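Written below as structure tokens is the structure these notes are about.
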Amino acid sequence: MLLTTKFLRPSSDPRAVPRDRLRALLDPEGPKRLDLVIAPAGFGKTTLVSHWCARTSSPTAWLSLDEHDDQPRRFWQYVIGAFEYTGLPGMAQCHKLLAQEDDGDPTVVITALINELARDGGTWALVLDDYHFIQDDTIHRQLAWFIDYLPPGVLVCLASRTEPPLPLARWRVRRWVEDIHPGLLAFSEEECRQFFRDTMGLDITDEDARAICRKTEGWVAAMQLSALSGDSSISGEGLAKPAGNIEVDERHISDYVLTEVLEKQPSHLAEFLLETTCCPRLNASLCNSIRGRDDSQEILEELLRQNLFLIPLDNQNGWFRYHDLFRDALSRRMQHTQPELAETLWRKTVDWLLSHGHVQEAIAQIVRHQDWPWLARVLSERGNNLIHGGFHLPVLDWLAALPEYLMSESPQLQMLKIWGLFFANRVDSLEPLLIALEDLLDQRVADSHPDAEGALGLHSEISLIRSYLARSRSDDKAASDLTRRVLEEIDHTRIPLKSVTYYGIGLDCFGRGELPEAEDALRSAVHYGQVERKPSTVLSSGGLLAWIQYNRGEIDLALETCTAVRQWVDKHYSDPSQPRLISCWQNSALTEIYRERNEPELARSHLAPLLEHVSNGTEPGQHVVIQYVRGHLAFSETRFRDAIEALEDAWQTSRKRRDHIVFEPPASAALLARCFLAEGHLEKAASIMSATEGEEATNPLNREQLRISKARVLNARGMPEEALNCLEGLRESASRHAHNRHLVEILLVSAEVQDLLGHAEEANTLLSEALELASGSGFVRLFGEESPRIREMLFDLPALRTPGSWNRRVLHMLRELESTRVANIKQATKPSGGHRSSLAEDHGGLVEPVSQREMEVLALINEGLANKDIASRMKVAPATVKAHIRNLYGKLGVGRRTEALARARELGLLES
């Protein structure tokens with residue numbers, strides 16, 4: 001038996017405030033499958049959804065849930081019943097299938113329900129009201145599966161006090177979810193005025209509406225309490241006129257809370273509410289600590305069951321908060337009746353927050369109480385870790401709030417300000433602060449100040465800052481000397497600096513192209529960062545380590561490094577109330593890794609968080625790295641215009657902001673030239689390479705990257721001898737420094753040089769070496785990024801056709817690229833109305849120019865020679881001839897010899 005009243009939608013009050021701006025959000029649109037209406041009690045969730053149902057023309061199945069429905073079989077019985085009550089055919093069979101299930105798995109039933117919805121073909125909606133009563137993980141998984149496979153036009157609407165544990169992130173990326181949160185549900189000033197006038201029959205001024213809206217935060221329940229408790233008289237319009245201003249925050253809500261809520265509670269609940277009002281958030285451990293009891297979890301759950309203004313902050317009933325108006329009322333009662341106890345409980349709360357890692361929340365409480373000496377002590381002890389945890393901007397704000405006398409007397413706080421400014425990239429203001437701090441430390445030593453022994457540690461921090469500033473000036477020797485000095489002194493200080501110091505050494509080695517040495521230093525930085533509890537240093541060091549491992553051809557190891565570092569940070573520094581801490585180096589490395597593995601969707605997922613930093617403004621070195629990997633991904637996906645836009649920005653930023661970058665970022669110009677080559681703009685590519693000749697890179701990786709790109713440009717311009725000179729000595733250098741990614745590229749470009757020179761055997765040997773090295777490293781995508789000539793040579797290379805999963809992946813990728821290229825060429829060269837396409841005209845009738853060797857093949861075909869005769873005449877292998885012919889067909893947009901000759905004559909490549 002099902003309780004049919006659970007299927008009845010609450011009736012709409014005609015006096016209710018029309019909320020068209022929100023109701024429109026609930027309408028079916030595009031790929032959307034889920035409306036998610038999340039807010040605490042009293043925010044009008046059910047009213048909003050009910051009004052939407054009354055307006056929509058689609059059939060709507062309504063289900064009001066309660067705590068008894070938190071069982072899979074019962075839940076799905078009611079879901080099916082809701083559809084049946086609304087008139088969906090086939091539900092009797094679904095009930096029958098559910099009754100036959102004896103293993104507790106209703107998958108067959110859910111499948112049948114989805115099939116019936118698809119068979120009906122209507123635009124159905126299912127409303128699940130009060131979904132927060134559902135706590136069973138099995139139901140959540142089953143509902144997620146149900147939503148994943150919904151037919152087009154079917155929409156689910158969840159109204160809940162807490163966000164359910166569904167795969168919302170994945171659905172949001174697919175634009176399946178419409179989120180309506182408390183900020184949207186909160187009444188605006190106009191809606192507040194409408195509520196009092198139309199719903200409650202009270203005439204209030206615009207000023208009152210603004211005050212009410214601000215102080216209740218748009219909470220409609222608080223407005224209703226105010227309206228019900230206010231004195232009024234009937235106006236000429238038949239509306240009740242309030243007697244004076246409505247002060248809902250101070251009098252009406254407070255009276256309601258105290259008389260209608262607090263005084264009606266059992267003594268143990270009332271005592272608990274008053275004692276915990278000092279807590280900005282509550283959990284059982286915090287409440288037990290300040291109360292000296294062990295029953296807080298049970299009381300919290302009891303308050304939650306009674307809906308006593310307690311708002312859950314998670315799905316496990318671990319953290320809660322009181323509504324602000326409710327908490328304010330309790331706090332005033334406590335301050336009035338027991339002020340000394342209130343102060344003691346507040347201090348215990350802050351101490352608990354500090355000791356349990358909620359440092360920012362504790363500091364916010366201290367700032368609110370303006371206890372400046374306590375704030376100075378906390379920042380001196382914990383500010384360094386906060387800065388290295390990514391919270392340098394809040395630390396600077398807190399330091400700015402301190403009285404000047406506390407700052408001037410504390411070298412630790414002055415050093416903290418310097419670190420905060422450094423991480424905020426405000427390096428121009430550091431030098432005078434460093435000088436002033438050094439003077440203060442020297443004075444303390446001279447005066448035998450009690451804290452003089454801490455001067456050595458602060459001097460080491462100063463040296464470390466100066467080393468990073470030297471890197472930004474490209475003064476590598478000074479940077480290295482300062483960093484080494486810090487490392488020698490570090491064991492004699494009490495300040496945890498090893499992680500940051502080793503990170504600096506890793507940057508120095510990376511800048512010199514000494515990748516194995518850089519790896520050793522960065523592993524130490526990760527280790528000491530974990531010991532010193534510096535998550536940002538761990539992420540940055542681990543990310544740069546993975547970047548280097550990727551360039552050395554250790555892609556699997558690079559991925560393991562990123563995973564291990566991410567797991568450590570998430571385990572020790574995961575705070576749902578704070579944004580997830582990310583690192584430019586790590587996310588950039590992951591983007592490059594997945595792009596190279598030919599998994600672009602995963603690459604985009606790691607790039608996406610970085611793009612927000614580009615939009616909001618970030619440190620210039622990070623900006624260049626992010627734009628570089630963004631451009632590289634677009635280049636790999638043949639989105640050349642997007643790639644050029646990102647890479648031009650990266651190149652210009654690296655040139656204009658060089659003095660603000662503490663490392664030499666990747667050579668964006670080298671990749672930018674490749675983009676122009678891919679578009680067929682040879683002169684633009686050559687111009688880019690010419691512009692870099694006067695800007696010699698200091699990082700060997702960048703020097704190699706620029707020379708390889710220059711050789712590519714020379715090959716494309718038919719100048720293989722010059723390309724060979726450009727590559728001279730590069731292979732030995734890359735091999736010596738273990739720059740294995742570049743080594744593969746050098747072998748590929750060298751193979752193209754030899755092929756252009758007619759040395760087919762040498763070219764194939766170089767290609768085979770490149771394949772062997774790349775297969776061991778896991779490189780895939782770089783083969784697809786090379787010129788069409790190299791890809792043709794690879795197709796006919798026997799070494800690539802040996803068994804193996806890596807070989808199959810590379811061949812599959814090359815075939816897809818070739819198919820796409822040929823299709824694009826045919827489309828671009830297809831005649832229209834007896835005229836060539838404008839694209840063909842812009843390129844002399846061809847999207848891609850015919851090379852010199854291909855012209856030789858074309859001339860020999862015109863002589864009527866067979867493939868083997870052409871091979872003999874050109875002194876190349878028959879397979880090479882086949883590759884040239886295949887490339888010719890693609891460029892000409894034809895499929896046979898006769899068509900090729902006719903098209904070549906039409907374009908003037910052969911005499912008629």
Side-chain angles (χ1 to χ4, degrees), residues 22-41 43-46 48-49 52 61 63 65 69-70 72 75-76 79 107 110 113-114 117 124-186 311-321 566-567 570 574-582 587 590 601-602 604-612:
L22 295 183
R23 290 204 299 259
L25 295 178
L26 297 173
D27 289 338
E29 183 180 12
K32 184 172 71 171
R33 300 189 180 189
L34 176 65
D35 284 327
L36 198 58
V37 187
I38 305 296
F43 268 78
K45 301 183 296 295
T46 300
L48 170 66
V49 178
W52 170 71
L63 174 58
L65 296 164
D69 300 322
D70 193 25
F75 175 85
W76 289 106
V79 169
T107 302
I110 301 172
L113 176 57
I114 294 171
L117 287 167
W124 283 84
L126 170 65
V127 176
L128 299 176
D129 194 24
D130 288 336
Y131 189 77
H132 51 270
F133 284 116
I134 303 302
Q135 301 293 323
D136 191 301
D137 288 337
T138 301
I139 297 178
H140 296 316
R141 287 194 299 270
Q142 292 167 351
L143 182 63
W145 191 82
F146 174 72
I147 293 173
D148 269 328
Y149 291 97
L150 281 178
V154 180
L155 183 68
V156 174
C157 179
L158 296 186
S160 175
R161 295 181 185 175
T162 59
E163 186 170 285
L166 299 171
L168 299 175
R170 169 164 61 86
W171 292 348
R172 284 174 178 133
V173 169
R174 297 178 180 179
R175 298 187 296 119
W176 285 8
V177 181
E178 183 71 61
D179 289 291
I180 298 182
H181 47 75
L184 287 173
L185 281 166
I311 301 168
L313 299 178
D314 56 37
N315 293 315
Q316 293 77 40
N317 285 347
W319 281 97
F320 306 87
R321 74 169 176 88
R566 181 78 264 169
Q567 288 176 344
D570 287 346
S574 58
D575 184 352
S577 66
Q578 298 293 338
R580 194 184 197 205
L581 188 63
I582 64 169
N587 278 55
L590 287 167
E601 288 190 8
L602 282 172
R604 285 192 292 272
S605 71
H606 291 287
L607 175 64
L610 298 178
L611 300 183
E612 182 179 351

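Quick caveat: nothing in here was measured; it's all calculated off a predicted structure.
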What's the spacing between [X] [atom1] and [Y] [atom2] if we round to 0.5 Å?
X	Y	atom1	atom2	answer
Ile110	Trp145	CD1	CH2	6.5 Å
Asp130	Thr46	CG	OG1	5.5 Å
Ile147	Leu155	CD1	CG	9.0 Å
Glu163	His181	CD	NE2	11.0 Å
Asn587	Leu611	CG	CG	10.0 Å
Trp171	Asp148	CH2	CG	5.5 Å

Taking all non-hydrogen atoms of both residues, which atom of [X] and which atom of [Y] are closest, and how far apart?
X	Y	result
Gly44	Leu185	O-CD2, 4.3 Å
Pro28	Lys32	CA-CE, 4.2 Å
Val49	Leu26	CA-CD1, 4.3 Å
Ile582	Leu610	CD1-CD2, 4.0 Å
Tyr149	Ile114	O-CG2, 3.3 Å
Ile180	Leu25	CD1-CB, 4.1 Å

Say whether, by atom type as modelled, one donor and one acceptor occur between the side chain of [X] and the main chain of [Y] under 3.5 angstrom.
X	Y	value
Lys45	Asp129	no
Asp179	Leu36	no
Gln135	His132	yes

Beyond-backbone contact of Leu590 with Ser605, side-chain heavy atoms, under 4.5 angstrom =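 Counting from C-beta outward, Leu590 and Ser605 never come under 4.5 Å.
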Please tell me if the side chains of Leu158 and Leu166 come closer than 4.5 Å, counting only heavy atoms from C-beta onward.
-> yes
Do other residues, nucleotides or ligands put more than 12 heavy atoms under 6.0 Å from the CZ atom of Arg175?
->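 Counting neighbours around CZ of Arg175, 12 or fewer heavy atoms of other residues, nucleotides or ligands fall under 6.0 Å, so no.
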Trp52 ring centre to Arg23 NZ or CZ under 6.0 Å, with the angle to the axis within 45°?
-> no
Is the distance between the ring centroids of Tyr131 and His140 under 6.0 Å?
-> yes
Could you go through the side-chain contact (heavy atoms from CB on, under 4.5 Å) check for Asp136 and Arg141 one step at a time?
-> CA-CA 9 Å; Asp136 191 301; Arg141 287 194 299 270; 6.0 Å; no
After noting the C-alpha distance and the side-chain angles of Phe75 and Leu128, does the key distance pass the side-chain contact (heavy atoms from CB on, under 4.5 Å) rule?
-> CA-CA 10 Å; Phe75 175 85; Leu128 299 176; 4.0 Å; yes
